[in-house]
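Heads up: the structure comes next, in structure tokens.
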Amino acid sequence: MLPHLDAAYNLARWLLRNEQDARDSVQEAYLKAFRAYASFHGENGRAWLLTIVRNVCYSHLRRVRRETQPEEFDEQQHVPVDDSLETAARLRRELDREQLDAALAALPEEMREVIVLHELEGLAYKEIAAVVGIPLGTVMSRLARARLRLQRELKQRLAQEDSHELP
Amino acid sequence: MNCPEIRRLIEPHLDEELDVVNDAAVAAHLENCPACAEFALVFTEQRRLLQEKLTRHGAPTGLAAQIRAALPVTENGSRGGQFAIWRRMAMPMAAGLALAALAGNWWGAQAARKEILVDELTSAHVRARLAGHVIDVESSDRHTVKPWFAGRVDFAPFVPDLAAEGFPLEGGRLERAGGRTIATLIYGRRKHSIDLNVWSGPPEPANGAAVHDGYSVMGWRAGGLNYTAVSDIAPDELAGFASLIQAAK
């Protein structure tokens, strides 16, 4: 019986964006958890384990980045702000799973991880603060920024689709 | 609160992460402001999209077995066999309490109950600061703070003046945690602050010092009341504060 295995794998898979790396990192994290069990005082097993998974993933990313070029994020995209209910409903109707996943994968890790922890794993702000190691107020503002950025990515994908449909 | 302030709190409101007072304020505003109500609807629609269509990657088959095979062999010969370890890690706190109570394990049940109480009081401390609702009655004068609680709680909290010792009184607020109505006194300490929670009723298990989610917690019982102080100052500093309160007359 290995508790929280799906949550651990989901976080690793989203951070590393690769199945084999995610498998290896989750295994390493469970071995670490097993050895470090003395330091666990029974507060919140899931948050404790996810903290270890996250640390393993980040050291993997640091190792890989040293060998390749660091990722560059284009913060200069200008998409008109459209916060209408109509657009929100249209996004929900027209975008498919593949487009959603691609949009989240395109986010910087610090934004990707809070969306994964909050929307997919259902962690409370306090648990996210513990896993990511940031103050609670930062969790709130980072979630808001991540959501905004993701909406922008999604709207861009919708716009691309519109232009493809033109004759 | 004005519309921009409300909009900042809509996400934590929908996440049920706000304190009682702010939560009620946001709910009331949404009833009367169509623009903010639409903002909340857009937000809900956006969130549904994420929850419906983002992939939650489940662990691939075989991964659990692969990990178990890599675990070190324990003394009794079974691999990673200390199942108690994984079981304890899997249990949410409330389940720990139910399990201990079922097993007739009084000490275990007390420990789990303490864990829940400390968690509630720490959450209250954090929530209040997150939403900027730390104080209901703002005053450094204990003769203002003490009467404010009359009619709000069923006891008269003792409000010592510790300004000379470096813990100026900042005010009070009403809290609810696990069915208890709590008088919370707020004391300052340099740039930090301390919640001193006081409530009546039977003795509760939150006594002694603890560190929870990085916050210092110190509980004791005196004069038929339960006291638990929560703060982000260091544990020994909070212990100093606790002994000053206990010594005050």
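Each chain gets a letter, A, B and so on, in the order its sequence line appears, and its residues count up from 1.
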Exercise. Please report the closest heavy-atom contact between A:Leu95 and B:Lys53, naming both atoms and the distance.
Key: O-NZ, 2.5 Å
Self-check item: Contact class of A:Ala124 relative to chain B, heavy atoms under 4.5 angstrom
Solution: both
Self-check item: Neighbours of chain A found in residues 56-63 of chain B - heavy atoms under 4.5 Å
Solution: B:Arg56, B:His57, B:Gly58, B:Ala59, B:Pro60, B:Thr61, B:Gly62, B:Leu63
Exercise. Of all the heavy-atom pairs spanning A:Leu136 and B:Val126, show the shortest one and how long it is.
Key: CD1-CG1, 3.0 Å
Quiz prompt | Nearest-0.5 Å distance, CG of residue B:Asp15 to CG of residue A:Leu143 | solution = 7.5 Å
Quiz prompt | Side chain A:Glu119, main chain B:Arg47, donor-acceptor under 3.5 Å | solution = no
Quiz prompt | Side chain, backbone, both or neither of B:Glu11 within contact of chain A (heavy atoms, under 4.5 Å) | solution = both
Self-check item: Which atoms of A:Gln27 approach chain B - backbone, side chain, both or neither, heavy atom under 4.5 Å
Solution: both
Self-check item: Part of A:Leu11 lying under 4.5 Å from any heavy atom of chain B
Solution: neither
Self-check item: Beyond-backbone contact of A:Gln151 with B:Val42, side-chain heavy atoms, under 4.5 angstrom
Solution: no
Quiz prompt | Heavy-atom pair with the smallest gap, counting every atom of A:Leu31 and B:Ala70 | solution = CD2-O, 3.7 Å
Practice problem: Below 4.5 Å from any heavy atom of chain B, which atoms of A:Arg93 appear? Answer side chain, backbone, both or neither. | Solution: backbone
Quiz item: Closest heavy-atom contact between B:Ile67 and A:Tyr30?
Solution: CG2-CB, 3.7 Å
Quiz item: side-chain contact (heavy atoms from CB on, under 4.5 Å) between A:Met140 and B:Glu17: does it pass, once the steps are laid out?
Solution: CA-CA 10 Å; A:Met140 204 161 99; B:Glu17 294 262 7; over 6 Å; no
Practice problem: Answer with side chain, backbone, both or neither: which region of A:Glu19 has an atom nearer than 4.5 Å to a non-hydrogen atom of chain B? | Solution: side chain
Self-check item: A:Glu98, CD atom: more than 12 neighbouring heavy atoms under 6.0 Å
Solution: no
Self-check item: Expected output: side-chain A:Arg92 to main-chain B:Leu49 donor-acceptor under 3.5 Å
Solution: no
Practice problem: Please say whether more than 12 non-hydrogen atoms of neighbouring residues, nucleotides or ligands are located less than 6.0 Å from CZ in A:Arg145. | Solution: yes
Quiz item: Among A:Ala103, A:Ala89, A:Ala129, A:Ala22, which residue forms the greatest number of heavy-atom pairs with chain B at distances under 4.5 Å?
Solution: A:Ala89
Quiz item: Hey, what do you get for CD (B:Gln46) to CG (A:Leu85), rounding to the nearest 0.5 Å?
Solution: 9.5 Å
Self-check item: From A:Ser141 atom OG to B:Arg8 atom CZ, the distance as rounded to the nearest 0.5 Å
Solution: 9.0 Å
Practice problem: Considering non-hydrogen atoms only, spot the tightest contact between B:Leu54 and A:Leu120 and give its length. | Solution: CB-CD2, 3.9 Å
Self-check item: Donor-acceptor under 3.5 Å (A:Arg97 side chain, B:Glu52 main chain)
Solution: yes
Quiz item: With sequence neighbours excluded, what pairs up with A:Tyr9 under the ring-ring contact (aromatic ring centres under 6.0 Å, His included) test?
Solution: none
Quiz item: Hey, are A:Lys126 and B:Asp119 close enough for a salt bridge, meaning a charged N less than 4.0 Å from a carboxylate O?
Solution: yes
Quiz item: Within a radius of less than 6.0 Å around CD of B:Glu138, do more than 12 heavy atoms belonging to other residues, nucleotides or ligands occur?
Solution: no
